[in-house]
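I have placed the structure first, in the form of structure tokens, so that the comments after it can refer back to it.
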Amino acid sequence: MTKPKLILDVDTGSDDAVALALAMLGGEAELLGITTVNGNLELKLTTDNTLRVVDLCGMGDRVPVYPGCAYPLVSTLNPHSAQSLRPIPKREGSGTGQFGMHSDHLPLPATALAPQKTSAVVWMIETVMAAPPGTITIVALGPLTNLATAMRAQPGFAERLQRIVLMGGGDATGNETAAAEFNIWTDPEAAEILLQSGVPITMIPLDATHQAFLSAAQAEEIEAIGTPLARFVAALLRDRIAGYAKRDPEMAAKKIAPLHDALALCYALHPGCIRRSVEAVCHVDLGGGAAYGRTVLDRRANMVQEKPNCTFALEPDRAFFCDWLIGILRRAAKH
Ligand code: BDR
Ligand code: CA
């Protein structure tokens with residue numbers, strides 16, 4: 001069976017790092033390349049962190065990394081927007097990343113690997129336009145600036161994609177604000193460009209990822225696999241459990257944390273890992289107020305005039321997801 005051809009668009013980032021490692025070592029996909037974007041940290045850092053993970057996985061000669069957009073399209077331009085009050089992209093030395101969850105540098109040695117000179121946007125366009133139509137899936141795990149820019153720059157780019165699987169959005173909850181999830185909030189206009197593009201999109205929002213948590217006991221299980229990669233994943237998971245404990249009493253009590261981006265990758269390879277989803281019309285609030293960046297999911301059934309523009313995941317098969325993730329780390333230990 002031919003493997004799905006994937007491009008991973010990331011803002012590494014601790015959960016991006018886990019997704020990247022699973023994509024590279026799981027052997028389930030043909031990974032054409034990795035593109036990086038401003039998000040959890042500034043572009044220089046998300047690119048450096050991505051290269052460190054590629055190095056850890058021993059894939060430096062096989063998986064090229066292309067740096068993309070260093071700023072969101074619009075959201076930081078308005079001096080009165082919430083985004084403009086924050087240091088976006090976050091500067092080296094800020095040491096916190098989103099919610100203190102993503103330190104500037106992942107706990108991995110510095111790498112001699114270098115990023116490609118071609119911009120992520122140019123490479124994505126060339127790669128997608130050169131491939132047979134409908135053969136490439138983009139798994140987007142950060143703000144959607146690179147993808148939206150490619151769509152605006154190259155007529156026919158969107159139509160040529162097989163689909164986009166993205167981690168982002170939330171119906172019942174936000175995380176960066178009460179209304180908005182971080183990836184969408186960082187570049188709301190980019191997300192809306194995607195949602196108007198006509199590309200088949202699956203959104204893996206907070207509603208799904210918060211239910212696909214891993215526990216402190218699973219961090220121990222992962223640590224016991226004993227490889228540098230497994231120890232790295234266990235350390236990230238523990239950090240995230242500590243980070244979530246500070247802001248969510250329920251997660252604190254259960255000693256759990258989500259690894260959002262890894263669930264989106266899992267879905268791209270195993271759609272069955274989402275048990276319940278809705279085909280729906282979804283748009284992003286671009287009003288610039290308290291709901292700026294919110295994904296507004298229209299659930300009014302027969303009252304909706306517009307055709308659904310996405311599949312919005314609501315409930316994961318958590319057991320499948322955890323077994324898949326730990327299974328890849330165990331298999332990688334045998335090679
Ligand atoms: C998303 O925001 C980032 O911090 C994570 O890497 C994930 O992609 C979760 O809201
Ligand atoms: Ca991310």
Side-chain angles (χ1 to χ4, degrees), residues 7-23 34-43 45-50 53 65 68-69 72 75 83 86-90 94-104 106 120 138-147 164-188 190-191 194 202-214 233 236-237 239-241 243-244 246-248 251 257-268 284 293-295 312-313 316:
I7 293 173
L8 255 57
D9 190 45
V10 296
D11 63 332
T12 320
S14 58
D15 53 337
D16 303 77
V18 177
L20 282 170
L22 296 170
I34 301 170
T35 52
T36 60
V37 67
N38 158 67
N40 284 316
L41 300 157
E42 67 168 301
L43 180 71
L45 296 174
T46 63
T47 305
D48 177 69
N49 280 331
T50 300
V53 179
V65 174
C69 297
S75 58
Q83 280 87 338
R86 302 197 186 196
I88 292 178
K90 292 173 181 81
S94 62
T96 55
Q98 191 211 11
F99 315 121
M101 204 80 72
H102 307 276
S103 53
D104 282 358
L106 290 168
I138 301 197
V139 182
L141 306 178
L144 297 156
T145 322
N146 288 341
L147 266 168
I164 294 170
V165 176
L166 67 88
M167 190 285 130
D171 185 36
T173 186
N175 58 7
E176 183 65 29
T177 69
E181 180 279 332
F182 176 78
N183 288 339
I184 307 295
W185 177 87
T186 299
D187 198 338
L194 264 65
T202 299
M203 297 179 74
I204 308 294
L206 298 174
D207 308 72
T209 62
H210 280 182
Q211 298 176 64
F213 54 83
L214 278 95
V233 172
L236 292 184
L237 179 55
D239 274 5
R240 292 180 65 83
I241 290 172
Y244 273 92
K246 287 187 204 141
R247 58 193 177 116
D248 185 320
M251 292 205 204
L259 283 170
H260 312 279
D261 293 340
L263 183 65
L265 174 73
C266 184
Y267 175 86
V284 180
R294 175 173 174 75
T295 46
F312 196 94

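Remember, it's 1-based here, ligands and their atoms both numbered in the order they're listed.
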N/O donor-acceptor pair under 3.5 Å between Thr295 side chain and Gly170 backbone: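 Yes; at least one donor-acceptor contact below 3.5 Å.
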Under 3.5 Å donor-acceptor, Asp16 side chain and Asp11 backbone: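 Yes.
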Partner of Asn38 by side-chain contact (heavy atoms from CB on, under 4.5 Å), out of Thr47, Thr145, Thr46, Thr186: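 With Asn38 as partner, Thr47, Thr145, Thr46, Thr186 yield a single side-chain contact (heavy atoms from CB on, under 4.5 Å), made by Thr186.
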Passing candidate, side-chain contact (heavy atoms from CB on, under 4.5 Å) with Leu144, options Leu166, Asp187, Ile138: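 When side-chain contact (heavy atoms from CB on, under 4.5 Å) is applied between Leu144 and each of Leu166, Asp187, Ile138, only Leu166 qualifies.
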Polar proximity ligand 1 side, Leu206 side, N/O cut 3.5 Å exclusive: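 Between Leu206 and ligand 1, no N or O pair is found under 3.5 Å apart.
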Contact (N/O only, under 3.5 Å) between Asn175 and ligand 1: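 Checking ligand 1 against Asn175, an N or O pair does fall under 3.5 Å apart.
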Part of Thr209 within contact of ligand 1 (heavy atoms, under 4.0 Å):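 The answer is neither; Thr209 stays 4.0 Å or more away.
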Distance filter under 3.0 Å, centred on the Ca ion (ligand 2) - protein N, O or S atoms that pass it: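 Short answer, with waters excluded from the count: Asp11 OD1, Asp16 OD1, Asp16 OD2, Leu141 O, Asp261 OD2.
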Atoms of ligand 1, numbered as shown, that sit under 4.0 Å from any heavy atom of [X]:
X: His260; answer: 9 (C)
X: Asp15; answer: 5 (C), 6 (O), 7 (C), 8 (O)
X: Glu181; answer: 1 (C), 2 (O), 9 (C), 10 (O)

What distance separates [X] [atom1] from [Y] [atom2], expressed to the nearest 0.5 Å?
X: Ile204; Y: Asn183; atom1: CD1; atom2: CG; value: 12.5 Å
X: Ile184; Y: Ser75; atom1: CD1; atom2: OG; value: 11.5 Å
X: Leu206; Y: Phe182; atom1: CG; atom2: CZ; value: 12.0 Å
X: Cys266; Y: Leu259; atom1: SG; atom2: CG; value: 11.5 Å

Parallel, tilted or perpendicular, as decided by the 30° and 60° cut-offs, for the rings of His210 and Tyr244: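 Answer is perpendicular, since the angle exceeds 60°.
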